[in-house]
Chemist: 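Would you mind keeping the following structure in view while I ask a few things?
If you read the sequence from its start, that first residue is 1, and numbering goes on from there.
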Amino acid sequence: MATTAPTGSPLSQPSLTHPPPPRKVTTVKALSESPGLSSIPSIYTFPKQTYHEPVSDTKEPIPTIDFSLLTSSHPGQRSKTIRELGKACRNWGFFMVTNHGVPERMMKAIIEVSREFFELPEEEKRGIGGKHVLDPIRFGTSFNESVDEILCWRDYVKIFQHPEFHSPKKPPSFREIALEYSKRVRLVAREIIRGISESLGLEKDYIDETLNLENGLQLIAANLYPPCPRPELAMGLPPHSDHGLLTLLIQNQIGGLQVQHKGKWVNIDPIPNSFLANIGDHIEILSNGKYKSVLHRAVVNNRDERISIAVPHGPALDAIVSPASKLVENVGNPPAYGAMKYKEYLELQQGTMLNGKSCLERIRNGD
């Protein structure tokens with residue numbers, strides 16, 4: 001007579017394996033405030049050989065674009081500034097933007113109200129938003145804590161600002177400050193993108209109209225990098241390029257951003273009342289590689305809390321991005337990238353670990 005294995009015994013379910021329970025991830029802010037913290041959990045320790053190359057001591061200054069000259073009614077001044085903008089995109093992919101017209105009080109206010117957000121109780125922050133890249137409000141830690149093998153020393157909140165405006169309910173002043181700030185920054189970004197379009201030999205409004213920037217995606221990404229007891233082991237964000245067309249970033253006066261330039265990492269020091277701008281993957285795609293998005297990373301320190309506010313500007317979510325036809329007409333210059341909807345690219349990037357320019361490489365056409 002056959003016997004039945006008791007429920008739960010190895011005989012009853014020979015092929016069943018149980019996935020490990022999901023790890024419980026605290027915020028980095030809460031971890032950093034642990035009493036007597038002198039080391040960091042191994043889940044935050046990055047391999048030295050991959051992420052901790054030496055920093056260059058180059059004195060070559062990052063390019064600076066005077067926004068007032070880019071918008072000048074004087075044709076000669078504007079043409080000269082557009083040439084400088086094109087050179088900055090070719091040689092660095094990053095540049096400072098001065099005389100942009102966004103009031104300094106507004107820039108300080110968005111940093112301060114973001115600090116107030118991060119000071120909220122953990123349960124309030126955890127309860128505000130979704131987990132999908134297209135959810136309009138997301139709070140989290142690392143880059144994508146559900147897939148990251150090693151966690152970043154960073155908390156963030158990402159909030160869609162355009163074409164539909166969203167805001168967390170707390171702090172109460174966040175809505176008004178973010179609405180005013182994002183409107184002003186969007187005007188600056190679109191004017192810079194027009195300049196980039198002209199610098200590529202395209203019509204001034206080519207990018208704006210082709211990618212439907214009237215309905216383009218704009219979001220605020222506020223980042224908190226608390227002090228870390230072992231900063232040489234951790235990373236705020238590993239090397240990566242940005243999606244979209246153009247990111248405009250400000251920060252409190254604490255350094256931490258490093259840009260890869262000529263094969264070496266370069267410290268970018270914060271300059272008061274200016275934006276740090278960088279072109280994203282979709283400018284690289286549209287320019288057919290003439291302008292390349294550039295790897296950058298965030299490092300941390302053991303003394304000071306760093307807050308940065310990045311405002312990426314991208315195409316409309318349904319816009320299909322491909323190399324501009326005028327830049328690939330020549331027989332010797334075939335399209336280097338495949339066409340893809342912007343929202344599909346976002347989902348592709350969010351579904352994997354942050355790893356250099358691996359997402360862009362996946363849509364690169366073979367040689």
Side-chain angles (χ1 to χ4, degrees), residues 25 27-29 107 110-120 122 124-148 151-171 174-175 177-179 181-183 185-186 189 215-226 235-238 240-252 256-257 275-276 278 280-282 296-298 306-317 342-354 359:
V25 179
T27 64
V28 175
K29 185 177 190 309
M107 300 168 82
I110 192 68
I111 291 174
E112 188 53 41
V113 80
S114 297
R115 186 194 309 277
E116 290 175 24
F117 172 85
F118 289 117
E119 293 288 345
L120 292 172
E122 298 295 292
E124 288 191 29
K125 291 182 291 189
R126 284 287 188 187
I128 68 160
K131 296 296 182 186
H132 190 272
V133 67
L134 297 181
D135 289 331
I137 303 180
R138 287 185 295 140
F139 169 77
T141 193
S142 193
F143 172 70
N144 184 352
E145 60 197 77
S146 63
V147 299
D148 291 344
L151 298 180
C152 307
W153 197 263
R154 168 229 194 192
D155 295 334
Y156 67 85
V157 60
K158 297 181 179 181
I159 310 156
F160 283 19
Q161 300 292 284
H162 189 79
E164 290 185 4
F165 177 81
H166 297 268
S167 174
K169 294 178 180 177
K170 293 182 180 180
F174 198 105
R175 171 177 290 273
I177 292 170
L179 180 61
Y181 182 76
S182 61
K183 282 182 177 178
V185 173
R186 189 161 63 252
N215 294 300
L217 180 65
Q218 181 199 38
L219 59 96
I220 283 178
N223 304 296
L224 176 74
Y225 303 99
M235 290 294 297
L237 274 177
H240 66 283
S241 60
D242 289 353
H243 62 77
L245 301 167
L246 184 76
T247 299
L248 295 177
L249 179 136
I250 61 173
Q251 55 194 336
N252 64 344
L257 181 68
F275 289 111
L276 177 65
N278 66 283
D281 293 345
H282 290 81
H296 52 288
R297 66 186 187 183
R306 178 171 176 255
I307 294 177
S308 70
I309 311 293
V311 184
H313 299 81
L317 285 170
Y342 182 43
K343 69 178 180 181
E344 292 173 353
Y345 190 94
L346 290 177
E347 291 172 329
L348 179 66
Q349 187 189 59
Q350 185 65 26
T352 59
M353 291 180 291
L354 202 59
C359 189

Chemist: Quick check: closest heavy atoms across Asn223 and Tyr156, and the distance to 0.1 Å?
Modeler: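 Reported closest heavy-atom pair: OD1-CB, 3.8 Å.
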Chemist: When rounded to the nearest 0.5 angstrom, what is the spacing between CG in Leu179 and OG in Ser167?
Modeler: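 Result: 9.0 Å between the selected atoms.
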Chemist: Out of His162, Arg186, Gln218, which residue meets the side chain to side chain donor-acceptor pair (under 3.5 Å) rule with His313?
Modeler: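 Going through His162, Arg186, Gln218 one by one, the side chain to side chain donor-acceptor pair (under 3.5 Å) with His313 is satisfied by Gln218 alone.
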Chemist: Keeping the roles fixed (side chain from Trp153, backbone from Pro226), state whether a donor-acceptor pair exists under 3.5 Å.
Modeler: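 Confirmed, Trp153 side chain pairs with Pro226 backbone.
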Chemist: Which atoms form the tightest heavy-atom contact between Lys125 and Phe118, and what is the distance?
Modeler: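 Heavy atoms only, the tightest pair is NZ-O, 2.7 Å.
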Chemist: Give every residue pair that meets the salt bridge (charged side-chain N to carboxylate O under 4.0 Å, His left out) criterion with at least one member in residues 158-171, sequence neighbours excluded.
Modeler: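 Non-adjacent pairs meeting salt bridge (charged side-chain N to carboxylate O under 4.0 Å, His left out): Glu124-Lys170.
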Chemist: What residues form a ring pair (Phe, Tyr, Trp, His ring centres under 6.0 Å) with His282, not counting sequence neighbours?
Modeler: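 For His282 the ring pair (Phe, Tyr, Trp, His ring centres under 6.0 Å) partners, ignoring immediate neighbours, are Tyr342, Tyr345.
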Chemist: Would you give the length of the straight line joining atom OH of Tyr225 to atom CG of Asn252, rounded to the nearest 0.5 angstrom?
Modeler: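 So the gap between those two atoms works out to 11.0 Å.
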Chemist: Is a side-chain N or O of Ser308 found less than 3.5 angstrom from the main chain of Ile250, in a donor-acceptor match?
Modeler: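 No, the answer is negative, given that no donor and acceptor are paired below the 3.5 Å cut-off.
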Chemist: Search all heavy atoms of Val28 against all heavy atoms of Arg154 and return the closest pair with its distance.
Modeler: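 Looks like CG2-N, 3.4 Å.
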Chemist: Would you please name every residue forming a ring pair (Phe, Tyr, Trp, His ring centres under 6.0 Å) with Phe174, sequence neighbours left out?
Modeler: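 Once residues adjacent in sequence are excluded, Phe174 has no partner under the ring pair (Phe, Tyr, Trp, His ring centres under 6.0 Å) criterion.
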Chemist: Are the side chains of Glu119 and Lys29 in contact, using a 4.5 Å heavy-atom criterion?
Modeler: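 Answer yes - side chains close enough.
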Chemist: Could you report the tightest heavy-atom contact between His166 and Gln161, atom names first, then the distance?
Modeler: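 Here His166 and Gln161 meet closest at O-NE2, 3.2 Å.
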Chemist: Thr247: which residues meet the side chain to side chain donor-acceptor pair (under 3.5 Å) condition with it, sequence neighbours left out?
Modeler: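 Expected list: Asp242.
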Chemist: In Å, rounded to the nearest 0.5 Å, how long is the span from CD1 of Ile128 to CD1 of Ile159?
Modeler: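 CD1 of Ile159 is found 6.5 Å from CD1 of Ile128.
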Chemist: Apply ring pair (Phe, Tyr, Trp, His ring centres under 6.0 Å) to Tyr181 and list each qualifying residue two or more places apart in sequence or on a separate chain.
Modeler: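 Once residues adjacent in sequence are excluded, Tyr181 has no partner under the ring pair (Phe, Tyr, Trp, His ring centres under 6.0 Å) criterion.
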Chemist: Excluding sequence neighbours, so at least two apart, what forms side chain to side chain donor-acceptor pair (under 3.5 Å) with Asn215?
Modeler: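 Once residues adjacent in sequence are excluded, the partners of Asn215 under the side chain to side chain donor-acceptor pair (under 3.5 Å) criterion are Asn212.
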Chemist: Can you give me the closest heavy-atom contact between Cys152 and Gly236, atom names plus distance?
Modeler: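 So the two residues come closest at CB-O, 3.1 Å.
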Chemist: Taking all non-hydrogen atoms of both residues into account, name the closest pair between Ala178 and Ile110 and its distance.
Modeler: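 Heavy atoms of Ala178 and Ile110 come nearest at CA-CD1, 4.0 Å.
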